[in-house]
Amino acid sequence: MEFAKKITESAEEIFSTMIFMNVTAGSPMEEGKEDLGCHVSAVIGLTGDLTAMLGIHCPEQVGLGISGAMLGMELNEIDADVKDALGEIANMVAGGLKERFSRENIKLELAIPTTVAGKSYTISSPTRSNRIVIPFSVEQGHFFIEIKYNLT
Amino acid sequence: MGKTVLIVDDSNTMRKIVSRALRQAGIDFDTILEAGDGQEALTVLGANKVDVVLSDINMPNMTGLEFLKAKAEDAAIKDIPVVMISTETGADIIDEAKSYGAKGAIKKPFTPELINETLGALL
């Protein structure tokens, strides 16, 4: 189903057209630690021909850098603007995934994104789901896009 | 008299980005109004003279499609052109939006050039 390829293409398109940051995708990880060492996460649900949760997880400085570039302003703390910007990126990545799957006649619907921030949190998802984590590099460091999915 | 655009999106970030993209596209609106969902948009349209609306689809409270339906039923505002600007640009959704009067659609992520190309025909 090429989840990683679709997510990477979608993310690269968003970063080049609306964030204006150089981003480099690393090798997808199908297994790995659950704690990615991040301080802000935007998540969005997808339903339809498969059920999935897509999340963008950023350390604080990376979240500030990406959001600041997107808004064209300097940001110094994880505030409503940062949460909103990362939620919108999650929404667009999920939208890109939906569009790419629709070309294969796989129908998906998007929920409304939500964002959480803090020094220690966990995000639960359906058990026994498949998991892929893609690391991305930007000037400020690494962030991760994760998808957990079940075929329905 | 200068032109006015209404940007409808539940994301404050996206409203700022659309405003910036309009400037980058060289489209000068004298007034940029904002609304966070379809219900707010109806209120803004009822109180202001608006030349064009750029609306998201996937919003809480009142979605972009629900907004289009409600707008089409109000004689005072039904002729104001609306362009959808959304991640939701599948043919089925866009066809439905056009059936309620939408004049076009811009897919997120978008470029200023795409905004210029789409809005240019309406202004």
Side-chain angles (χ1 to χ4, degrees), chain A residues 9-21 23 42 44-49 54 63-64 66-73 75 79-115, chain B residues 7-25 32 34-40 54-67 83-97 105-118:
Chain A
E9 286 176 355
S10 181
E12 288 176 343
E13 181 184 14
I14 293 160
F15 273 76
S16 66
T17 58
M18 294 187 70
I19 305 177
F20 311 110
M21 286 180 83
V23 64
I44 183 168
L46 299 97
T47 58
D49 291 341
L54 183 141
L64 292 172
I66 292 172
S67 304
M70 193 171 178
L71 286 162
M73 58 196 285
L75 298 169
D79 58 10
D81 282 338
V82 175
K83 292 180 181 177
D84 190 51
L86 292 176
E88 197 55 39
I89 294 171
N91 186 40
M92 288 190 285
V93 173
L97 199 60
K98 174 181 175 174
E99 181 190 11
R100 285 165 174 80
F101 272 124
S102 74
R103 297 173 196 160
E104 301 168 11
N105 213 25
I106 296 171
K107 306 292 184 194
L108 295 174
E109 298 298 330
L110 308 184
I112 303 283
T114 57
T115 307
Chain B
I7 300 169
V8 189
D9 200 306
D10 56 315
S11 164
N12 179 48
T13 298
M14 192 51 64
R15 296 197 301 269
K16 288 178 183 173
I17 289 173
V18 173
S19 295
R20 185 176 65 195
L22 288 170
R23 290 194 299 275
Q24 291 171 334
I32 296 178
E34 297 184 8
D37 60 37
Q39 190 62 58
E40 276 187 33
L54 294 172
S55 177
D56 189 15
I57 293 176
N58 197 13
M59 296 181 288
N61 303 324
M62 179 184 276
T63 69
L65 294 178
E66 291 167 343
F67 161 66
V83 172
M84 311 315 289
I85 185 162
S86 176
T87 56
E88 301 276 3
T89 51
D92 50 348
I93 291 178
I94 297 309
D95 286 348
E96 187 176 1
I106 295 169
K107 174 185 164 294
K108 297 177 187 171
F110 52 79
T111 61
E113 291 76 18
L114 182 58
I115 287 195
N116 194 0
E117 185 181 310
T118 308

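Below, read A as the first sequence line, B as the second, and so on, with proteins coming before strands; counting in each chain starts at 1. Scope of the values below: all heavy atoms of this structure, side chains included, with no hydrogens, waters or symmetry mates.
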*Side chain from CB out, backbone as N, CA, C, O: work out which of these in B:I57 comes under 4.5 Å of a heavy atom of chain A, or both, or neither.*
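It is neither, since no heavy atom gets under 4.5 Å.
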*Is it the side chain or the backbone of B:K108 that comes within 4.5 Å of chain A heavy atoms, both, or neither?*
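For B:K108, the contact with chain A is made by backbone and side chain together.
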_Only pairs of heavy atoms separated by less than 4.5 Å count here; which of B:N12, B:T87, B:D9 has the most with chain A?_
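The candidate making the most pairs under 4.5 Å is B:T87.
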*Can you tell which of B:T111, B:D92, B:I17 has the highest number of heavy-atom pairs within less than 4.5 Å of chain A?*
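Most pairs with chain A among the choices: B:I17.
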To check you understand the geometry: which heavy-atom pair defines the closest contact between [X] and [Y], and what is its length?
X: A:F20; Y: B:R20; value: CE1-NH2, 4.2 Å
X: B:S11; Y: A:D84; value: OG-OD2, 2.9 Å
X: A:I14; Y: B:P109; value: CG1-CG, 3.7 Å
X: B:T13; Y: A:A85; value: OG1-N, 3.3 Å

Where on [X] is there a heavy atom nearer than 4.5 Å to chain B: the side chain, the backbone, both, or neither?
X: A:A94; answer: neither
X: A:E13; answer: both
X: A:T17; answer: both
X: A:L110; answer: both

*Hey, does A:D81 have a side-chain heavy atom less than 4.5 Å from the side chain of B:K16?*
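Side-chain contact under 4.5 Å: yes.
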*Say you draw a straight line from CG of B:D56 to CD of A:E88; how long is it, rounded to the nearest 0.5 Å?*
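Those atoms lie 6.5 Å apart.
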